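Take a look at this one; I'll ask things after.
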Amino acid sequence: MTDYQTMREVRVRFAPSPTGSLHIGGVRTALYNYLIARKAGGKFIIRIEDTDQTRFVPGAEQYIYNSLEWLGLVADESPLVGGPHAPYKQSERMDIYAGYAKQLIDSDCAYYAFDTAEELDAARKAVPDNTFQYNAATRMNLRNSLSLSKDEVDQMLRNGVPHVIRLKVPKKDEIRLNDLIRGWVMVHTSTMDDKVLLKSDGMPTYHLANVVDDYLMNISHVIRGEEWLPSAPTHVLLYRFFGWEDRMPQFAHLPLLLKPTGDGKLSKRDGEAFGFPVFPLQWFDDQRGINIAGYKEEGYLPEALLNFLALLGWNPGTEQEMFSLEELVEAFSIDRIGKAGTRFDIQKAKWFNHHYLQLRPDSYFMESVRPIVVEAGLNSTDENLSKWIHLVKDRSTFLKDVVTEIQAVVTPPDLYDETIVASKWNEDARKGLSHFAQSLQNLADWDAASIKHFFNTEMEGLGIKPGKVLQLLRVVLTGTGAGPDLMTIIELLGKEEAAGRINKALTVLP
RNA sequence: GGUCCGUUCGUCUAGGGGUUAGGACACGUCCCUUUCACGGAUGAAACACGGGUUCGAUUCCCGUACGGACUACCA
């Protein structure tokens, strides 16, 4: 590493392509970029790579901003907030790329190619097993400014014959790059392709645009998924040809997020196959005309998703596993990022969500809980709503669990667990429950502990073991044999409702 | 097919020439709870294989196997 590299201001970019919804692997890449920038006191930049007009998807760009905003990954420079190197959207930078491509032509580092799609197709088919390469070995047999006469080329250019500009990869050379995660990677140029730099529509390809923009925006580290590793040598060659080697960013290729089955990287379609979201936010699938729920809609908390994602491929080297974003910034370092692909395990995400849900204040639950308690005609003061929340919170992984758990208790049962009734319902139970419902009116202190004590003493007064009727009490009140603390349920239901439910059961049950 | 990358419990991972190979998720058992869950405790569970190097390799080197990525005028 040169002195320049060590002293250089850290400037990293997240460079998504707005060709569809951002997927969860992209979110992790954004997170790692963000953490590296913040840790170093550098800049986190968002650059939109929309050079492919044919794949433009309306709303995709806004979706990226919304997703990052939800997660709190704030950019220092972006199409939204601008910055010293604006514009940050490649489609708005079109005027700069052709000049750089021409510069490469002039220095004999690139050339014009006139092969049509059909011709290339034929060339590929002429050799077996997908072994075709457009490079030093084959380029003289194809139609380009290296194989054609200067007159021919000039004439075609003048006549506007469609053409691309290709990188002239040296025949015999070695490209080496020192990846921050993988160490030295060496590739011989004979195995590389003469990649297209400028497309026939005048748009740059990813390879050109990415290198030019990273240079112009003074990017210090390129942190991206491992799927880019094979094309990294092409990028290194580009820096060399442009004479920018001293300003070349350092590369870090992140391990991929794999399907839970381990066979292949996680893809956008996997959400349905495996039953968990692969998008941060809800996404409308245009082709199928359906909305696909994201992490947010499924009830995941941003702090939980962030914590989960951070640990997918990185570890702090300590046994700490709960990290706020700020703590992640503090603890993060590139050298603790793993090399191997990481399978996606939604169980762990749920576990994090449960943890962070417990940390949320009552106010987070209040407005979801209020309507169902009001609807049931029960006491809905904030104080009581808070009690309802605490009754079920620790058994909930998502906000929606809190709602359904409370809903289940608040709704009077119309069916009673048959197995329990069949095995436990008898005269003693009937007598005990009947008596309890009556005598409840006399209980002065209305709280769970008092109710419990009262229940026990009343049953014992009747010569009935409390345990014999306790589960039945739950069944007549809620319909089921399992659930949150029964005495608190009675407290929250109130005397009238509790007694009413017991009496109703007494008339319905044998 | 070619190029590149990878390989520690089922999963995420720590570790690293001599360790009882550590933690977490999930799972089992027990405790708590006269319920379920939460919580607590505890258990089962891993160094892909073969050669080297070495007194000694899971750790270093080389192969093999397996897996993955890439192989577009997509990013």
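Letters A, B, ... are given to chains in the order of the sequence lines, protein chains preceding strands, and every chain is numbered from 1. Heavy-atom basis, side chains included; hydrogens, waters and symmetry copies ignored. Keep in mind the model is a prediction, meaning the values are calculated, not measured.
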Residue met sooner reading RNA chain B from 5', once A/Thr51 and A/His188 are mapped to nucleotides: A/His188
Does a side-chain N-to-carboxylate-O contact under 4.0 Å join A/Asp214 and A/Arg13? yes
In whole angstrom, give the distance that lies between atom CG of A/Asn456 and atom P of B/rU33.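 Rounded to whole Å, this separation is 13 Å.
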Do any side-chain nitrogens or oxygens of A/Lys259 fall under 4.0 Å of OP1 or OP2 in B/rG68? no
Whom does B/rC27 pair with, Watson-Crick or G-U wobble, provided both distances fall under 3.5 Å?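 Pairing partner, where one exists within any strand: B/rG43.
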Return whichever of A/Val185 or A/Trp314 has its heavy-atom-nearest nucleotide of RNA chain B closer to the 5' end. A/Val185
Can you sort out which residues in residues 347-360 of chain A have a heavy atom within less than 4.0 Å of RNA chain B? Ascending by number, please.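 Per residue number, the list reads A/Gln347, A/Lys348, A/Trp351, A/His354.
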Does B/rU34 have its OP1 or OP2 closer than 4.0 Å to a side-chain nitrogen or oxygen of A/Lys452? yes
Separation of A/Arg55 atom CZ from B/rC74 atom C1', in whole Å?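 Rounded to whole Å, this separation is 4 Å.
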C1' atom, B/rU8 versus B/rA21: distance in rounded Å? 8 Å
If you compare every side-chain N and O of A/Lys199 against the phosphate oxygens of B/rC74 (OP1, OP2), does one of them come in below 4.0 Å? yes
Rounded interatomic separation in angstrom, taking NE2 from A/His253 and P from B/rC4: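 The answer, rounded to whole Å, is 15 Å.
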Could you check which of B/rG1, B/rG15, B/rC74 has an atom nearest any side-chain atom of A/Arg336?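 So the nucleotide nearest the side chain must be B/rG15.
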Reckon A/Arg343 has a side-chain N or O less than 4.0 Å from the OP1 or OP2 of B/rU11? yes
A/Glu119 pairs by salt bridge (charged side-chain N to carboxylate O under 4.0 Å, His left out) with which of A/Lys125, A/Arg143, A/Arg124?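 The option that passes is A/Arg143.
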Aromatic rings A/Phe352 and A/Tyr356: how do their planes relate, parallel, tilted or perpendicular, breaks at 30° and 60°?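 Parallel.
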Nearest-Å distance for atom pair NE2/P, residues A/His207 and B/rC70: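 It works out to 12 Å between those atoms.
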Is the shortest side-chain N/O distance from A/Asn130 to OP1 or OP2 of B/rG1 below 4.0 Å?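 For B/rG1, OP1/OP2 do not have a side-chain N/O of A/Asn130 under 4.0 Å.
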Against the side chain of A/Arg182, the closest entry in B/rC74, B/rU35, B/rG6 is B/rG6
When you check the phosphate oxygens OP1 and OP2 of B/rA69, does a side-chain N or O of A/Arg224 lie under 4.0 Å from one of them? no
Under a 3.5 Å cut-off for both contacts, is B/rA37 paired Watson-Crick or G-U wobble with anything, and if yes, with which nucleotide?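 Matched B/rA37 with nothing under the 3.5 Å cut-off.
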For A/Leu229 and B/rC4, what is the distance between atoms CG and C1' respectively, to the nearest whole Å? 6 Å
Just to be sure I understand the rule, does A/Asp485 reach a base, reach only the sugar-phosphate, or reach nothing, if contact means heavy atoms closer than 4.0 Å?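 Contact class for A/Asp485: base.
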